[in-house]
Amino acid sequence: MDLNDVLRAGRAIAGLLPPTPAWSYPLLDEVTGARVVVKQEQVQPTGAFKVRGGLALLAGMSAADRARGVVTYSTGNHAQSIAYACRRFGAPCRIVMPADPNPTKLAAVEALGARADCHGADLTAAQRYAAATADGMRLVGPAHEEDLIAGVGTAYTELFTAHPDLDALLVPVGGGSGAAAAGMVAAALAPHCAVIGVQSEASPAAHDSWRAGEPVEAPNRTAAEGLATGSGFPLTQRLLRAHLRDFVLVSDEQLRAAQHVLLARAHTLAEAAGAAGLAALLADPDRYAGRRVGIVVTGGNASPAELSAVLARP
C-alpha cells in the first residue's frame, strides 16, 4: 500500500464527507508547552474517523457483493462506520459486538439500520463468532482490509496538506488502521514528521507486537473501547513497523485526564481512545516542548457514564 491507494480512496468518497477541521487552541498550547494542532475527527457523522474507511470499502465493492451484505465485529466505531456505509450504499449489514457494549455505540449502530448481535467477552470472541456465522455475507475485519486503511488515510492527506510543518503526530492505536494510514501518508507528504502510536498500557497488544516485530497477544483490560484489542494484526503491524517512529503507552487514568483537558481547554468532546494523543503529549512534555505537534481526536462517542466521570474530575 502507498499514497496512491489513499488518493484513490479520496476520489471514491469525494462528496460523501467534507474535510474535518484541524485547529489550534492557545489554552492547549499553554498546558502542554507545545504548539498543538487538533484534527477533529469526532465531528464525523458517526462521531469517529472510521467512517472514511467504511465508505471507501463499500464504494469499491461490486453490486453483487453489496447485495450479499457485510458482517463485521467491533467495539463500536468501526461498527458504526460499516453500518453507515452499508446504509449509504443499500447493503445489508450485521454487526457483532462484545457483550455489554457501550450503549451509545450500540444505539447508533441500530439506528443506522444494522442488525446488532452482542456475543462474547471481548473483541476476539466477537471476531470468532462473526466468522462462524457469516452465512454468505462478506466478513470484514477492522484491521484486515486495505480499503479501510486507505479510506482513513484521507484524514491525514487533509491534515498534512493544511499543516505540512508538523514535527510530530500522535495517533491512537487499537487495531492500528489509523496509525498505519498516518505513517504511510506522512512518509509521502511529510517525511520529517515523526508519527508516534499511542495505546493504553491496560491493552498493549499492538504496542507489544510492534516492539516484538510480529503479532502477539496481550491482556485486554482497558476501558477505552477504541484501544481495546488483545492481539496484533498482520496487515496493520506491517505498515506500523514500516512507518512509525515510536510507540508509547499511557494509563487509563491519563486518558481520562486528557479527556478533561480537551473539554476544558479546547471545547472538544473526546472518548477515551480519542484523547490518547493528548495523553501521550501530557505524559512527556519535555519531548515535545516548543514543537508543532498534531493530535487526532479519533472519536467522540463517550457513553453517558464515561462523560459523567470526566466532568466530575477536579
Side-chain angles (χ1 to χ4, degrees), residues 19-43 49 153 155-173 178-201 206-207 210-211 224 227 240-300 310 313-314:
T20 57
W23 287 322
S24 297
Y25 301 89
L27 289 175
L28 203 55
D29 292 353
E30 181 181 79
V31 75
T32 62
R35 293 174 292 162
V36 184
V37 174
V38 182
K39 181 63 168 168
Q40 303 271 0
E41 286 295 293
Q42 84 284 355
V43 303
F49 77 110
Y156 301 102
T157 58
E158 291 174 10
L159 179 60
F160 286 119
T161 298
H163 298 277
D165 56 346
L166 292 177
D167 297 308
L169 177 63
L170 300 169
V171 186
V173 181
M184 184 169 57
V185 173
L189 299 184
H192 57 280
C193 180
V195 179
I196 298 168
V198 187
Q199 192 170 39
S200 171
E201 64 186 17
H207 167 274
W210 184 79
R211 295 205 175 274
L227 307 180
L240 294 174
R241 286 194 296 274
H243 299 301
L244 280 195
R245 193 77 56 86
D246 198 4
F247 202 146
V248 300
L249 295 173
V250 295
S251 69
D252 277 16
E253 174 57 26
Q254 287 172 318
L255 293 172
R256 287 187 288 271
Q259 287 178 277
H260 189 272
V261 171
L262 281 167
L263 275 174
R265 302 264 179 162
H267 316 294
T268 297
L269 171 62
E271 61 187 273
L278 180 59
L281 176 54
L282 292 169
D284 195 3
D286 291 344
R287 179 175 185 175
Y288 304 103
R291 303 175 71 194
R292 286 189 59 81
V293 180
I295 63 171
V296 188
V297 179
T298 49
V310 171
R313 293 182 64 86

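All of these numbers come straight from a predicted model, not from anything done at the bench. Start at 1 with the first residue, then count along the sequence.
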### Query
Would R256 and H260 satisfy side-chain hydrogen bond (donor to acceptor under 3.5 Å, both in side chains), going step by step from the backbone distance to the final call?
CA-CA 6 Å; R256 287 187 288 271; H260 189 272; over 6 Å; no
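Taking CD from Q40 and CG from L269, the interatomic distance works out to 10.0 Å, rounded to the nearest 0.5 Å. To the nearest 0.5 Å, atoms NE2 (H207) and CG (L244) are separated by 10.5 Å. Note that CD of E271 is 10.5 Å distant from CG of L255, once rounded to the nearest 0.5 Å. Atoms CG and CG, on L262 and L28 in that order, are 6.5 Å from each other to the nearest 0.5 Å. The structure places CZ of R313 at 9.0 Å from CD of Q259, a figure rounded to the nearest 0.5 Å. Annotation: the span from K39 atom NZ to T298 atom OG1 amounts to 13.0 Å, rounded to 0.5 Å.
For residues 26-35, the set of pairs meeting the side-chain hydrogen bond (donor to acceptor under 3.5 Å, both in side chains) definition, not counting sequence neighbours, comprises E30-R265. Applying the salt bridge (charged side-chain N to carboxylate O under 4.0 Å, His left out) test to pairs two or more places apart or on separate chains, none has a residue in residues 186-195.
Looking at D167 and R292, their side chains come closer than 4.5 Å, going by heavy atoms from C-beta outward. For the pair V36/L281, a side-chain contact is recorded, criterion being any heavy-atom separation below 4.5 Å from C-beta on. When side chains are defined from C-beta on, Y288 counts as touching L170, because their heavy atoms get closer than 4.5 Å. Proximity of R287 to D246: side-chain heavy atoms (C-beta onward) are separated by under 4.5 Å at one or more points. Within the 4.5 Å cutoff, no side-chain heavy atoms of V171 are placed close to those of F49. The shortest side-chain heavy-atom distance between T20 and E158 falls under the 4.5 Å cut-off. Between F160 and L169, the closest side-chain pair of non-hydrogen atoms falls below 4.5 Å. Between L282 and Q254, the closest side-chain pair of non-hydrogen atoms is not below 4.5 Å.
Each of V296, I295, L159 was compared with V37 under the side-chain contact (heavy atoms from CB on, under 4.5 Å) criterion, and only L159 meets it.
In this structure, R211 contributes its side chain and F247 its backbone to a donor-acceptor pair below 3.5 Å. When atom types are taken as modelled, the side chain of H243 and the backbone of A179 share no donor-acceptor pair closer than 3.5 angstrom.
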